[in-house]
Amino acid sequence: MDRGVEIKRDSYLRKLISRAGDGQVKVLTGLRRSGKSYLLFRLFRDFLVSSGVKDDHIIALALDDLRNRKYWNPIDLDDYVRSRIMEDGEMTYVFIDEIQFVRPVPNSYVDDAKVGFENAVLGWLGIPGVDVYVTGSNSRMLSSDIATEFRGRLDNIEVRPLSFRELKEAYPENQRLLDEYFIFGGMPFLARLKESSERRRYLRDLVQQIYLRDILERNSIRGDKGALDALLRVIASSVGSLTSLRRLSNMFLSLEGKTILPGTVERYIDYFADSFLLEPAVRLDVKENRHIAGLRKFYFMDLGLRNALLDFSEIEQAHALENIVYNELRSRGLDVRVGSLSADFRDSSGEIERKTLEIDFVATDGNGKAYIQCAYDLAGEGKREQEIRGLLRIKDGFRRLVVSRDIVVPRYDRNGILYVGLEDFLLGDYLGLPGD
């Protein structure tokens, strides 16, 4: 890849531009190194400057830079920002990167009370002519307590790793791009690395030196720290499979020879989700339109990180495709669940047998829905019929489609099911949703 190519993140940039000066704090959340800082400090800043905003009207502070550790104290951070705010009638823009580094401190005026970053941010919002943007790599920033503190003045923008469409726009001539996406995913810095060995090393280091270390430090995990890494590898090996806390606990015992209780599994999964490393997809009873407790699927925010955990040795194509499709649906802002429905079948002896059919994804946007089945290949009529059994039982009129690695030309079958190749799906609009 050409190291000089700038990858545009136009969909995110448009969101920032449309919300500029709206009186809310814009919170960019997402996986560390997914491009939040670049989006805010480079792309959005360049837009502001090109629109006539003066440099001294942009206050930009990166808290993951050790030289700025003084501002991990919310009082010092507040003093610094207030000292830089211009009072000339023009808008001052405040950019604070990785705000989760700010630690609460005792309130010297109120017993048993603390001052946190949210207090500082709320104070800035109260200053006329100040527009505030912060980034963070911990979903707890948006917990109900903090959202309550902001009293409805918080606007979250989740920034995900590069989509295949963003990569294709930057590298339209690369004929191997989709194959590379299956292996290395879409972490932005990879665009600067030409050699496969460099990319593998970078992704391994991200997992071990950034994400797992952050989780250990943030949650004060002591004792057998290797259990955290091992559990994440167990989950990585079961991507795309329905599983439960008990099943993951048993898999851990089988693969690692150690016991980890389901309660600990649940707590560690919460840590992974808080850091945006992975996301759980809950099951939905399609006919009853209700959640089904128990079994879930887990998908990694970036497939390259999942592959790095397994040392790039278990890139099972069918599950990789499913993870890619899940990430694409989420990057389009859709709510995604795993579909399930019960249906009656007549066996060879004429007896009625009730079976549970799974649909890989039910994607909704508030106005409509789409049902998606993933199939790495559809060789043979029996294989195709097996993949669409669940889709055939859905009669609500919403789009039903099969995404496969081996389809060249999108087409409908006689049942109204759309078949589309993975690359076309990632680059096109096939979901039939109003915003698609």
Side-chain angles (χ1 to χ4, degrees), residues 27-38 40-41 61-77 96-106 114-121 134-143 145-146 149 156 158-161 187-189 201-236 248 252 256 258 260-261 263-280 298 300-302 304-306 308-309:
V27 182
L28 283 68
T29 57
L31 191 66
R32 287 195 71 183
R33 308 294 173 87
S34 62
K36 302 184 300 296
S37 307
Y38 180 79
L40 186 60
F41 282 52
L61 190 65
L63 293 179
D64 59 349
D65 187 332
L66 194 59
R67 293 170 296 181
N68 294 325
R69 62 189 181 278
K70 171 182 178 181
Y71 303 113
W72 294 359
N73 182 308
I75 306 298
D76 290 332
L77 176 64
I96 307 296
D97 193 28
E98 301 293 0
I99 201 165
Q100 77 276 357
F101 277 85
V102 177
R103 303 291 192 265
V105 298
K114 289 184 177 295
V115 176
F117 76 82
E118 59 272 22
N119 302 106
V121 172
V134 303
T135 80
S137 303
N138 184 353
S139 66
R140 291 183 190 175
M141 289 178 55
L142 298 176
S143 67
D145 291 341
I146 292 177
E149 289 283 346
N156 179 43
E158 184 182 81
V159 180
R160 303 177 72 90
M187 296 304 291
F189 189 78
R201 186 181 309 112
Y202 173 73
L203 291 169
R204 290 189 191 105
D205 288 345
L206 271 186
V207 172
Q208 298 298 328
Q209 304 301 323
I210 301 295
Y211 305 131
L212 289 176
R213 187 178 65 185
D214 275 1
I215 292 171
L216 289 168
E217 293 176 354
R218 185 180 298 150
N219 298 286
S220 302
I221 298 175
R222 297 177 176 84
D224 186 8
K225 297 179 181 180
L228 192 77
D229 183 12
L231 177 61
L232 192 57
R233 283 189 276 109
V234 168
I235 297 173
L248 287 172
F252 186 92
E256 300 296 324
K258 300 178 182 178
I260 181 170
L261 297 176
T264 303
V265 172
E266 183 174 29
R267 187 169 72 253
Y268 284 1
I269 286 174
D270 287 342
Y271 296 158
F272 299 144
D274 286 340
S275 298
F276 299 98
L277 260 177
L278 56 79
E279 292 183 311
F298 295 96
F300 278 75
M301 184 77 75
D302 181 80
L305 298 175
R306 179 263 180 190
L309 274 161

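Along the sequence shown, the residues carry numbers beginning at 1.
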Looking at [atom1] of [X] and [atom2] of [Y], how far apart are the two atoms once the value is rounded to the nearest 0.5 Å?
| X | Y | atom1 | atom2 | answer |
| --- | --- | --- | --- | --- |
| Asp274 | Asn138 | CG | CG | 5.0 Å |
| Ser37 | Asp64 | OG | CG | 6.0 Å |
| Leu231 | Arg267 | CG | CZ | 11.0 Å |
| Ile75 | Lys70 | CD1 | NZ | 12.5 Å |
| Leu206 | Leu212 | CG | CG | 10.5 Å |
| Leu277 | Tyr271 | CG | OH | 14.5 Å |

Is there a side-chain contact between [X] and [Y], using heavy atoms and a 4.5 Å cut-off?
| X | Y | result |
| --- | --- | --- |
| Met187 | Leu203 | yes |
| Ile269 | Phe298 | yes |
| Val121 | Ile99 | yes |
| Arg218 | Gln100 | yes |
| Leu31 | Tyr211 | yes |
| Leu278 | Met301 | no |
| Asp97 | Leu63 | no |
| Asn68 | Phe101 | no |

Those residues at least two apart in sequence (or on a different chain) that pass side chain to side chain donor-acceptor pair (under 3.5 Å) with Arg69 are none

For Tyr38, give me all partners under side chain to side chain donor-acceptor pair (under 3.5 Å), at least two apart in sequence or on another chain.
Glu6

With no hydrogens and no angle check, is any side-chain donor or acceptor of [X] less than 3.5 Å from a backbone partner on [Y]?
| X | Y | result |
| --- | --- | --- |
| Asp65 | Ala62 | no |
| Thr135 | Glu98 | yes |
| Asn219 | Ile221 | no |

Please evaluate residues Phe300 and Leu309 with respect to the criterion side-chain contact (heavy atoms from CB on, under 4.5 Å), reporting the C-alpha separation (whole Å), side-chain torsions for both, the decisive distance (0.1 Å), and the verdict.
CA-CA 11 Å; Phe300 278 75; Leu309 274 161; 3.5 Å; yes

Name all residues meeting the salt bridge (charged side-chain N to carboxylate O under 4.0 Å, His left out) criterion together with Asp214; count only those two or more places apart in sequence or in a different chain, and write none if there are none.
Arg32

Sidechain N-carboxylate O distance under 4.0 Å for Asp229, Arg233:
yes

Would you please say whether a donor-acceptor pair under 3.5 Å links the side chains of Lys36 and Thr29?
no

Pair Arg33-Ser137, side-chain donor/acceptor within less than 3.5 Å
no

Go through the steps to decide whether Phe276 and Glu158 satisfy the test side-chain contact (heavy atoms from CB on, under 4.5 Å), and finish with yes or no.
CA-CA 10 Å; Phe276 299 98; Glu158 184 182 81; 3.8 Å; yes

